[in-house]
Amino acid sequence: MTPPHPKEDEILQNFRSALVAEDLLHDGDSIGTDDETLLRFLRARKFDLGKSQQMFRDCQKWRKTVEGVGIDDLYRRIDPFDFPERDAIFECWPMWFHKTDKKGRPLNVHFFGGMDVRRLYKVCSPERHWESFVVNCELLPREVLPACSRAAGKHIGGTFVIVDLKGFSFSQFWQMRHLVQRAFQVSQDYYPETMGQLAIVNAPSSFTMIWSMIKPWISKETAAKVDILGSDYAKVLLELVDAENLPSTLGGKCTCAKEGGCPLSGAGPWMDGRAGWGPRAQAQRNANSEKTLEHLESADVKDGQKREGAELPGFLAEFRENGASQYAGAIVTANSLDSFGLLPSALQLLATLICRFLPGEPKGSIQTDFAGAYLATPSTNTHPKRAVLLLSDVYGLAIPNPKIIADEIAEKLECEVWVPDYFKGRPLFHPSGMEIPSKPDERLSAWEWVRWFCSNIVPNLGAHWASRPSVADRRVAELVSLIREKRNYEKIGAFGHCYGGSTCIRLGGTDLFNSVVICHPGPFSMKQVQAVKVPISWVCAEYDEFFPDTTKQKCKAELAGREGTPRFVDYEFVEYKGTTHGFACRPDHDYPDVVDAYNKALDQIAGWFENTLVLDSKE
């Protein structure tokens, strides 16, 4: 989609302001709040602000009321790739998304010759069929187009629709004309400007009459995108679509034989890492989950200790106690995850999903005599009586970032910095997982969170259990006790990122540390904040789904409320504009302002400990 003209850009900003003022547009709306979405409505009404606003108003009303439940609820109920009647509907009403053309646009194939409405309504009620059609429309902007944009590395805003009329008769058209007209209306009114091109192939001679009836139902702009081809269409299609992506029934080479054929395969970039929520996907997850839980009940925890009869429900309850469940609504659809039975453990880990390696090489070393911890030693150890611990995110020592950060802080503070291996060489998450967007205006949808969760959490559930919070806390405490004894430290501070930030909050209520710094933490409870009894500094992102502003304000209120009482501790909150969760340990080097925020966060950490780890005796 071409960028707006300067004058159109002004209209776009006015359009956005008008929608916000009328309470029609809110952050996180599933309709989409990005410029490209708003431009679709403007272009559909030729940048007439009043008409575009009315169109958007009508669309939002429809989205809230469609089928009596609204589009979001309907989409949660019906997985467009997995619902009981899907195969039967596709036999009688064959239309599907399938791979992409050479421009990166998704193919949307319609085989009108196979449509049989009478037979369709014998296997599926008209209401159920219409619900499936609406969900399929919503699939396009919600999943298909974003996935194609990611795969192409550029914005993809429309489809390449191929309508095959082989075997299609006028009697079939007459039978389905009202349904087709209704479908056109939904597509044009509520999903405007999403068709990039339409090719009609195998058009019979009678199609001239049919087209004369259809044409008034669609806009002139849409009609201008239509190419009507006869039976000699393959050469034209292959100029637009790679043979490997074009179904063999349309002159290509693709058969999707292993997936049951192209119509049922759903093949395309939108399936990469997709974890559905329909009955088949649920049954598979339940089977996988059962196998994993059976394994946990019989396996030894790989930290040298047996679980000694500990029950898994206690494990889940422990995560709930640590505040993970409070983030459910902000991240994913609770119904989709809670049925899986793993919501708390998932959210404990959703706090750290992105892995961006820092440049450089670690300078320190692994200390086998200190439980495999990493030790960063400064070039000048001016303060041998103080030390700092870095509590890492869920990747642990498997990536170089915590080691490189420890080296940086060691040089700044001129003291030793330790990074405990509190996962015992078994990180909670593999670095190849999905990335979290780096900027506040780039956000994952709820369904992208769901896909990540279902694809990545279950295989690592054993590691989660082996390093659950109580076990991780114990390992940190053991290392602190050991280094105090062997290295004679008088003051020890700790800072943590994400999962490690949550750990710092918990341990800030003990006697382990003299000061802590919390960097964009994962889930925790206010009860744990209330227990903190040492100076505490907070490194905050501008936008953080796991430490939202509401929680931040509660933490500020708790600490400020101690003013003038024996429980008061020094504290500070520093927010870094233009950043998201993870910036202080995994900055995206494509954004100079994020890297600058990362460096400033290092200075904040060092400055805090310089002021709070003051030794009573001279070194």
Side-chain angles (χ1 to χ4, degrees), residues 75 78-116 120 123-124 129 131-152 156 158-164 166-167 194-196 199 201-202 233-234 237-238 240-285 287-288 447-448 450-451 454-455:
Y75 205 79
I78 302 176
D79 180 339
F81 292 107
D82 181 8
F83 58 95
E85 304 90 346
R86 182 172 183 258
D87 292 5
I89 288 176
F90 272 43
E91 284 185 14
C92 306
W93 189 272
M95 55 176 64
W96 65 92
F97 290 108
H98 185 272
K99 299 187 176 180
T100 59
D101 67 6
K102 293 181 180 180
K103 293 182 178 180
R105 299 176 301 187
L107 301 182
N108 189 200
V109 181
H110 300 243
F111 178 42
F112 274 29
M115 292 185 176
D116 187 337
L120 171 65
V123 297
C124 172
H129 171 241
E131 287 178 347
S132 72
F133 170 79
V134 170
V135 164
N136 206 57
C137 289
E138 180 69 9
L139 171 66
L140 178 63
R142 192 181 286 242
E143 294 192 58
V144 172
L145 290 177
C148 289
S149 297
R150 290 193 297 271
I156 301 296
T159 62
F160 179 21
V161 181
I162 303 174
V163 175
D164 186 356
K166 185 177 183 179
T194 54
M195 188 185 76
V201 305
N202 285 316
Y233 59 83
L237 291 185
L238 288 172
L240 300 169
V241 186
D242 287 329
E244 292 73 17
N245 287 359
L246 188 66
S248 59
T249 53
L250 293 171
K253 296 180 179 179
C254 186
T255 60
C256 293
K258 295 181 180 179
E259 294 81 18
C262 295
L264 295 177
S265 71
W270 47 89
M271 298 302 287
D272 293 345
R274 186 182 195 273
W277 54 96
R280 294 175 183 172
Q282 185 63 54
Q284 185 61 53
R285 285 199 300 271
N288 292 342
W447 301 111
E448 287 172 317
V450 171
R451 286 197 296 271
C454 295
S455 300

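- Residues satisfying the side-chain contact (heavy atoms from CB on, under 4.5 Å) test with K166, not counting sequence neighbours, are F111, D164, N202.
- No cation-pi contact links R274 to F81, judged by a cut-off of 6.0 Å to the six-membered ring centre and 45° from its axis.
- In plain terms, the two heavy atoms of G251 and A234 that are nearest each other are CA-CB, 4.4 Å.
- With rounding to the nearest 0.5 angstrom, the CD atom of E259 is 10.5 Å from the CG atom of L264.
- Here OG1 of T159 is found 9.0 Å from CG of L107. Values are rounded to the nearest 0.5 Å.
- Among the candidates E138, E143, R142, the single residue satisfying the side-chain hydrogen bond (donor to acceptor under 3.5 Å, both in side chains) test with Y75 is E143.
- The two residues I89 and S132 make their nearest non-hydrogen contact at CD1-OG, 3.7 Å.
- Side-chain atoms of C262 and T249, non-hydrogen and from C-beta on, never get closer than 4.5 Å to each other.
- E85 contributes atom CD, which lies 5.5 Å from atom SG of C124 (distance to the nearest 0.5 angstrom).
- Side-chain atoms of C148 and R105, non-hydrogen and from C-beta on, never get closer than 4.5 Å to each other.
- Counting only heavy atoms from C-beta outward, the side chains of I156 and P106 approach each other to under 4.5 Å.
- A distance-only check finds a donor-acceptor pair linking the side chain of H98 to the backbone of N245 [under 3.5 Å].
- Considering all non-hydrogen atoms of both residues, G252 and L238 come closest at CA-CD2, 4.5 Å.
- Considering all non-hydrogen atoms of both residues, S248 and T255 come closest at OG-CG2, 3.8 Å.
- A distance of 7.5 Å separates NZ in K103 from CG in L240, rounded to the nearest 0.5 Å.
- Note that CG of D101 and CG of L246 are 10.5 Å apart. Values are rounded to the nearest 0.5 Å.
- Put simply, the side chain of N108 never gets that close to the backbone of I162: no donor and acceptor are under 3.5 Å apart.
- Not counting sequence neighbours, the partners of H129 by the ring-ring contact (aromatic ring centres under 6.0 Å, His included) test are W93.
- In the displayed structure, K102 atom NZ is contacted under 6.0 Å by more than 12 heavy atoms of other residues, nucleotides or ligands.
- Using a 4.5 Å heavy-atom threshold, the side chains of F97 and N136 count as touching.
- Distance CE/M115 to CG/L120: 10.0 Å, rounded to 0.5 Å.
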